[in-house]
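See below for the structure under consideration.
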Protein chains: 2
Amino acid sequence: MPTRSAAQRRAEAKQAYNAYLAECPSRQLLASISDKWVSLVLNALGMQESSRYSDLARQIAGVSQKMLTQTLRTLERDGLVRRQVTAAVPVRVDYALTTLGRSLLPVIEEIKQWAEQNMNHVRQARGRYDARA
Amino acid sequence: MPTRSAAQRRAEAKQAYNAYLAECPSRQLLASISDKWVSLVLNALGMQESSRYSDLARQIAGVSQKMLTQTLRTLERDGLVRRQVTAAVPVRVDYALTTLGRSLLPVIEEIKQWAEQNMNHVRQARGRYDARA
DNA sequence: CCGTATCCCGCACGATACTG
DNA sequence: CAGTATCGTGCGGGATACGG
């Protein structure tokens, strides 16, 4: 039996995943998170305690039913989102971030904000790039 | 002429972009950034002052020539990455983050780290989800 | 209201071959 | 070494229709 504390073993387990490796599961997870619909859904969910399906569809302009449902399902399976069905007529479904999901929220928010705040810089850079050639 | 300071007008310009709107340019930018190859390339570039093309290809396992070049070109056009060609035989090409690119780096690093550090949580969540049904 | 099921098109992406 | 060029295809994702 190795002389390692539980904390040490936990730390090692965390570092065992390396997203640079193509076969590593964390590479797939990174790919899942790095998705525009995921960004927008998590951002939207972060703004309220919970959101109804139809609210999300309205807030995230241009998302199709298919992609919204698919994104929510994946996030639910990965433990980032909790789905709560209220039996009624018609049915009411609410989505909320889990603790795990909330731990990712700050980063996701920053990404969206960066895009919005640096759009002008990027526009100028594109202008410069396209002017040459 | 409106009674607004330059700072006020700048603040407004920044908030004029809203990624929730499908037609907003910042939505496209968010989609560009939220890409697995972009994540990995920016992370890799953040680790050194500059990186050669072949170094990036090696570090990011499984990336095709096409996707690596394409990603680097887009990042260069958007002003996040600078490309420097050194005439020699054979040619040497180095890539480095610009100031703008470096401003995005902390967030991108966090995403990759989150994926690696929470992989176990996600695995367990998936197990629980799949067990039901 | 909140989905699932089906069809289908376009293009993202990988594989391969060639060049300065 | 660091790319371009070309081709083939898998699947992302929209449109539509239907179900609980």
Side-chain angles (χ1 to χ4, degrees), chain A residues 20-23 27-41 44-45 48 50-78 81-96 129 132-133, chain B residues 21-23 27-41 44-45 48 50-78 81-96 129-130 132-133:
Chain A
Y20 286 129
L21 305 178
E23 331 74 34
R27 168 76 148 262
Q28 312 306 325
L29 182 57
L30 179 63
S32 301
I33 298 169
S34 298
D35 176 80
K36 65 170 175 176
W37 296 129
V38 169
S39 293
L40 292 167
V41 166
L45 287 174
Q48 275 93 30
S50 72
S51 310
R52 300 190 58 172
Y53 180 89
S54 46
D55 290 336
L56 292 172
R58 211 171 317 105
Q59 188 173 359
I60 304 170
V63 68
S64 65
Q65 267 195 358
K66 176 176 175 177
M67 290 317 296
L68 182 54
T69 301
Q70 190 178 106
T71 302
L72 287 167
R73 281 293 174 283
T74 304
L75 290 174
E76 187 193 2
R77 188 171 108 94
D78 287 355
V81 160
R82 185 164 27 246
R83 177 171 181 268
Q84 179 147 358
V85 183
T86 306
V89 182
V91 177
R92 174 194 177 101
V93 182
D94 290 272
Y95 293 91
Y129 185 93
R132 311 172 12 184
Chain B
L21 305 178
E23 331 73 33
R27 169 74 149 265
Q28 313 306 324
L29 182 56
L30 179 64
S32 301
I33 298 169
S34 298
D35 175 79
K36 66 170 173 176
W37 296 131
V38 169
S39 293
L40 292 167
V41 166
L45 287 174
Q48 276 92 30
S50 72
S51 309
R52 300 189 59 171
Y53 180 88
S54 47
D55 291 336
L56 292 171
R58 210 172 315 107
Q59 186 173 1
I60 304 169
V63 67
S64 64
Q65 269 194 358
K66 177 175 175 179
M67 290 317 295
L68 181 54
T69 301
Q70 186 178 307
T71 302
L72 286 167
R73 283 290 177 286
T74 303
L75 290 174
E76 188 194 1
R77 188 170 109 95
D78 287 354
V81 161
R82 186 163 28 245
R83 179 173 180 267
Q84 180 150 356
V85 183
T86 306
V89 182
V91 177
R92 175 194 176 99
V93 182
D94 290 273
Y95 292 91
Y129 185 93
D130 295 343
R132 312 174 9 182

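The shown structure was predicted, so the numbers you read here are calculated from the model rather than taken from an experiment. Reminder, nothing fancy here: chain letters follow the sequence lines and each chain counts from 1. Values below: every heavy atom of this structure, side chains too, minus hydrogens, waters and symmetry copies.
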Backbone N or O of B:Ala87 within a donor-acceptor pair of the B:Arg92 side chain at under 3.5 Å?
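Side chain of B:Arg92 to backbone of B:Ala87: no pair is present.
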
Quick check: does any side chain N or O of B:Tyr95 sit under 3.5 Å from a backbone N or O of B:Glu76, one acting as donor and the other as acceptor?
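Here the side-chain-to-backbone pair does not exist.
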
Is there side-chain contact between B:Thr74 and B:Arg77, with at least one heavy-atom pair below 4.5 Å?
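No. Closest side-chain heavy atoms not under 4.5 Å.
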
Would you say [X] places a side-chain N or O within less than 4.0 Å of OP1 or OP2 belonging to [N]?
X       : N     : result
A:Arg73 : C:dG3 : yes
A:Ser54 : C:dC2 : yes
A:Arg92 : C:dG3 : no
B:Tyr53 : D:dT4 : no

Taking [atom1] from [X] and [atom2] from [N], how many angstroms apart are they, rounded to a whole number?
X       : N      : atom1 : atom2 : value
A:Gln65 : D:dC18 : CD    : P     : 15 Å
B:Asp55 : D:dG3  : CG    : P     : 12 Å
B:Leu56 : D:dA2  : CG    : C1'   : 12 Å
B:Gln84 : D:dG3  : CD    : P     : 13 Å
A:Met67 : C:dT4  : CE    : C1'   : 15 Å
A:Leu68 : D:dG13 : CG    : P     : 13 Å
B:Lys66 : D:dG8  : NZ    : C1'   : 11 Å
B:Ile60 : C:dC13 : CD1   : P     : 14 Å

Upstream residue (5' side of DNA chain C) when A:Leu72 and B:Ser64 are each assigned their closest nucleotide:
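Nearest-nucleotide comparison on DNA chain C picks A:Leu72.
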
Which nucleotide in C:dG3, C:dC1, D:dC1 has an atom nearest any side-chain atom of A:Pro90:
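Nearest to the side-chain atoms of A:Pro90, counting from C-beta on, is C:dC1.
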
Verdict with supporting geometry, A:Tyr53 and A:Arg83, side-chain contact (heavy atoms from CB on, under 4.5 Å)
CA-CA 10 Å; A:Tyr53 180 89; A:Arg83 177 171 181 268; over 6 Å; no

5'-most by nearest nucleotide on DNA chain D - A:Val91 or A:Asp35:
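Of the two residues, A:Asp35 wins.
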
To the closest 0.5 Å, what do you measure between CD (B:Gln28) and NZ (A:Lys36)?
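If I round to the nearest 0.5 Å, the distance is 6.5 Å.
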
